[in-house]
Undergrad: 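I have a structure here, written as structure tokens, and I will follow up with some questions on it.
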Amino acid sequence: MKVAELRVLEEDELNGRLRSARRELYELRFKHAVGQLENWSQIAKARHDIARIMTVLGERELGIEVVTDAPEVLPAEPESKKAKKPEFVDEEEEGKEPAAEAEVAEPVMETPVEEPTKPKRTRKSKEEKS
């Protein structure tokens, strides 16, 4: 049973299928408890069917419409050619031009930090254990 098939059905038919799927799950569980169930993967299939039906019913209850055909190409957003201005500007920086700031700023060199090394763990000999 596929979700697309379920979305075509009316609500009464979905409720009927939900009842029959729950009944089938009950019978499968009973057979499993008694030891008569040969293929226990049927239990999982019945649970998945119930979940699919409940999903379609929930979508209808919330008024969610599912789009089956996605557009092939999404329209690209136009990129702005203007540079973004910072939201907050200090009073001192208002008079400066952005190009002048780039020349004044010096790159900060980070020194690599060495992580402490852990000593290797070795097995103790029989003599050391005693």
Side-chain angles (χ1 to χ4, degrees):
M1 176 179 338
K2 294 188 177 184
V3 180
E5 296 171 2
L6 294 174
R7 288 193 175 115
V8 177
L9 300 176
E10 294 181 15
E11 193 168 342
D12 295 336
E13 293 176 42
L14 284 173
N15 287 328
R17 286 199 181 195
L18 181 62
R19 275 194 298 274
S20 64
R22 285 187 172 161
R23 180 68 184 180
E24 180 186 356
L25 179 63
Y26 172 77
E27 290 172 0
L28 290 171
R29 285 183 177 162
F30 186 78
K31 286 181 180 179
H32 179 65
V34 176
Q36 295 178 351
L37 185 63
E38 293 178 12
N39 187 4
W40 52 268
S41 66
Q42 292 175 337
I43 294 175
K45 289 179 184 178
R47 291 176 66 204
H48 286 284
D49 289 342
I50 291 170
R52 285 186 192 104
I53 295 168
M54 291 178 71
T55 299
V56 172
L57 288 172
E59 287 173 350
R60 289 185 182 174
E61 185 177 313
L62 295 174
I64 299 173
E65 293 183 22
V66 179
V67 178
T68 55
D69 297 331
E72 292 179 13
V73 178
L74 296 175
E77 294 182 17
E79 296 180 18
S80 62
K81 294 181 180 179
K82 296 181 181 179
K84 293 185 179 180
K85 294 182 180 179
E87 289 184 32
F88 301 102
V89 179
D90 290 338
E91 292 177 10
E92 297 173 2
E93 295 179 2
E94 284 183 11
K96 296 181 182 178
E97 294 183 18
E101 288 179 18
E103 294 173 6
V104 174
E106 295 179 13
V108 178
M109 300 293 288
E110 293 185 24
T111 57
V113 178
E114 294 183 19
E115 295 184 21
T117 58
K118 295 181 181 178
K120 291 185 180 180
R121 296 181 66 183
T122 58
R123 298 182 84 179
K124 293 182 179 179
S125 64
K126 291 180 183 178
E127 296 170 0
E128 291 178 4
K129 288 181 182 178
S130 319

Undergrad: Got a salt bridge between Glu27 and Lys31, using NZ or NE/NH1/NH2 to carboxylate O under 4.0 Å?
TA: no

Undergrad: In chain order, what residues pass the salt bridge (Lys or Arg N to Asp or Glu O under 4.0 Å) check against Glu11, with sequence neighbours excluded?
TA: none

Undergrad: Starting from the C-alpha separation in whole Å, work towards a yes-or-no answer on side-chain contact (heavy atoms from CB on, under 4.5 Å) for His32 and Leu28.
TA: CA-CA 6 Å; His32 179 65; Leu28 290 171; over 6 Å; no

Undergrad: If you define the side chain from C-beta out and look only at heavy atoms, does anything of Leu57 sit under 4.5 Å from Glu61?
TA: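 The answer is no; the side chains never approach within 4.5 Å.
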
Undergrad: Over all heavy atoms of both residues, which pair between Met54 and Leu18 is shortest? Give the atoms and the distance, please.
TA: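 For Met54 versus Leu18, the nearest heavy atoms are CG-CD1, 3.9 Å.
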
Undergrad: First locate atom CD of Glu59, then atom CG of Leu6, and finally report the distance between them rounded to the nearest 0.5 Å.
TA: 10.0 Å

Undergrad: Take Leu9 and Val56 through the side-chain contact (heavy atoms from CB on, under 4.5 Å) test and state the conclusion after the steps.
TA: CA-CA 10 Å; Leu9 300 176; Val56 172; over 6 Å; no

Undergrad: Taking Trp40 as the starting point, is it possible to reach Phe30 by hopping between hydrophobic residues whose side chains are less than 4.5 Å apart?
TA: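 Different clusters.
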
Undergrad: Can you list everything that forms a side-chain contact (heavy atoms from CB on, under 4.5 Å) with Arg19? Sequence neighbours excluded, please.
TA: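 Applying side-chain contact (heavy atoms from CB on, under 4.5 Å) to Arg19 gives Asn15.
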
Undergrad: Leu14 pairs by side chain to side chain contact (heavy atoms under 4.5 Å, CB included) with which of Arg7, Arg52, Arg60?
TA: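 Only match with Leu14 under side chain to side chain contact (heavy atoms under 4.5 Å, CB included): Arg60.
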
Undergrad: From Asp49 CG over to Ser20 OG, what is the distance, rounded to the nearest 0.5 angstrom?
TA: 9.0 Å

